[in-house]
Amino acid sequence: SKPFHDPKPLHLSVRLFPRFAKPQSLSCSGPHAPRAATGDGSGAGNRGDDSGGNGGKDGGGNDGDGGGEDDYEEAEFGPLLGFSEVARLAAARGVTLPADMIEAAKDAGIREVILLRYFDLQAAPWPLAAMIRALSVLRNRMLADPSFLFKVGIEVVIDSCCATLAEVQKRGEDFWAEFELYAADILIGIVVDIALVGMLAPYVRLGKASASTGLLGRFNRMAGALPSRCF
């Protein structure tokens with residue numbers, strides 16, 4: 001008979017968490033880097049293209065920052081026209097240019113779109129054309145934004161309607177007895193609206209300040225000293 005052997009005890013070990021493999025460090029040193037000879041050279045070529053392309057972009061961007069504003073103005077308002085070209089177009093349209101526009105044309109030129117807009121404004125009905133010739137404040141803003149008067153009118157109408165409704169509700173039966181107070185409030189509101197829209201609107205700066213010593217000349221110089229816009 002076979003001898004009886006005592007059974008050996010079994011040792012069981014339970015791990016709550018599995019053992020993770022030891023992380024290996026990645027190295028970008030020379031021995032591990034792929035050689036250009038083992039491939040078609042696309043990796044090295046791409047790196048060279050990227051560096052060259054980025055260098056070209058950076059260099060071109062830095063060199064073109066000075067002319068970026070001029071390119072934008074040319075795309076927005078057309079090319080600069082010299083004095084001879086401006087005089088020829090004005091004579092063809094039969095329009096007499098003001099002194100500051102003539103001076104601006106002699107100094108640096110006038111953008112084509114600005115000049116054509118002035119010709120169109122001179123062909124407008126009597127009140128607007130006369131105001132454009134007399135008030136450079138209005139003319140410069142209309143040259144930069146032909147819808148300037150429309151925006152002013154919308155602001156005045158909305159503000160006046162809201163103010164009228166508030167005054168009628170507040171004064172009630174005394175509205176007509178205190179009508180002069182209501183009219184004063186409306187006039188002040190209109191002046192404030194025009195000033196607000198005028199300060200927020202862009203305008204074209206042309207030539208130098210007026211040399212006139214009259215009231216209108218002093219007003220034009222004061223308006224010309226203001227910034228082109230609030231923001």
query = Under 3.5 Å, side chain of D145 to main-chain N/O of R141, donor-acceptor pair present?
reply = no
inquiry  = Could you report the tightest heavy-atom contact between V113 and G78, atom names first, then the distance?
reply    = CG2-N, 3.9 Å
request  = Give the intermediate values and the outcome of side chain to side chain contact (heavy atoms under 4.5 Å, CB included) for residues Y118 and V95.
outcome  = CA-CA 9 Å; Y118 181 78; V95 176; 3.8 Å; yes
ask   = From D120 CG over to I132 CD1, what is the distance, rounded to the nearest 0.5 angstrom?
value = 11.5 Å
request  = Identify the heavy atoms of S160 and I186 that sit nearest to each other, and give their distance.
outcome  = O-CD1, 4.0 Å
task = Would you mind reporting whether D100 and R139 have side-chain heavy atoms less than 4.5 Å apart?
result = yes
Inter-residue atom distance M142.CE - S147.OG, 0.5 Å rounding = 8.0 Å
remark   = The reported gap from CD in E173 to CD in E178 (rounded to nearest 0.5 angstrom) is 11.5 Å
message = To check you understand the geometry: which heavy-atom pair defines the closest contact between L128 and A124, and what is its length?
response = CD2-CB, 3.7 Å
task = Flag the pair V137 / Y203 as yes when at least one side-chain heavy-atom distance between them is below 4.5 Å, and no otherwise.
result = no
inquiry  = Run the side chain to side chain contact (heavy atoms under 4.5 Å, CB included) test on F148 and L138 for me, step by step, so that the C-alpha distance in whole Å, both residues' side-chain angles and the decisive distance to 0.1 Å come before the verdict.
reply    = CA-CA 9 Å; F148 171 71; L138 176 61; 3.9 Å; yes
inquiry  = Membership question, hydrophobic clusters at under 4.5 Å side-chain separation (ILVMFWY): are L200 and V157 in the same one?
reply    = no
ask   = Between the side chains of Q122 and R93, is a donor N or O closer than 3.5 angstrom to an acceptor N or O?
value = no
ask   = Which heavy atom in A144 sits nearest to a heavy atom in P202, and how many Å separate them?
value = CB-O, 3.6 Å
request  = Quick one: closest heavy-atom pair of L143 and R117, and the distance?
outcome  = O-NH1, 2.6 Å
key: Parallel, tilted or perpendicular: rings of F175 and F179 (30°, 60°)   = perpendicular
key: Close side-chain approach of V152 and D193, heavy atoms under 4.5 Å   = no
request  = Mark yes when over 12 heavy atoms from residues, nucleotides or ligands other than E180 sit less than 6.0 Å from its CD; otherwise mark no.
outcome  = yes
inquiry  = Quick check on the hydrophobic clustering: are V197 and V156 connected, directly or via other members, by side-chain heavy-atom contacts under 4.5 Å?
reply    = yes
ask   = So if you build clusters from Ile, Leu, Val, Met, Phe, Trp, Tyr with side-chain heavy-atom gaps below 4.5 Å, do F83 and M101 land together?
value = yes
Audit row: L115, L89, side chain to side chain contact (heavy atoms under 4.5 Å, CB included) steps and yes/no = CA-CA 9 Å; L115 185 63; L89 293 176; 3.8 Å; yes
query = Do I194 and L135 sit in the same hydrophobic cluster, where Ile, Leu, Val, Met, Phe, Trp and Tyr count as joined when their side-chain heavy atoms come under 4.5 Å apart?
reply = yes
note = Heavy-atom nearest pair, G189 first then D159, reads O-OD2, 3.8 Å
key: Pairing of E103 and K106 as salt bridge, 4.0 angstrom limit   = no
query = Between R171 and D185, is the closest basic N to carboxylate O distance under 4.0 Å?
reply = yes
inquiry  = For residues I102 and L116: do they belong to one hydrophobic cluster (side chain heavy atoms under 4.5 Å, members Ile, Leu, Val, Met, Phe, Trp, Tyr)?
reply    = yes
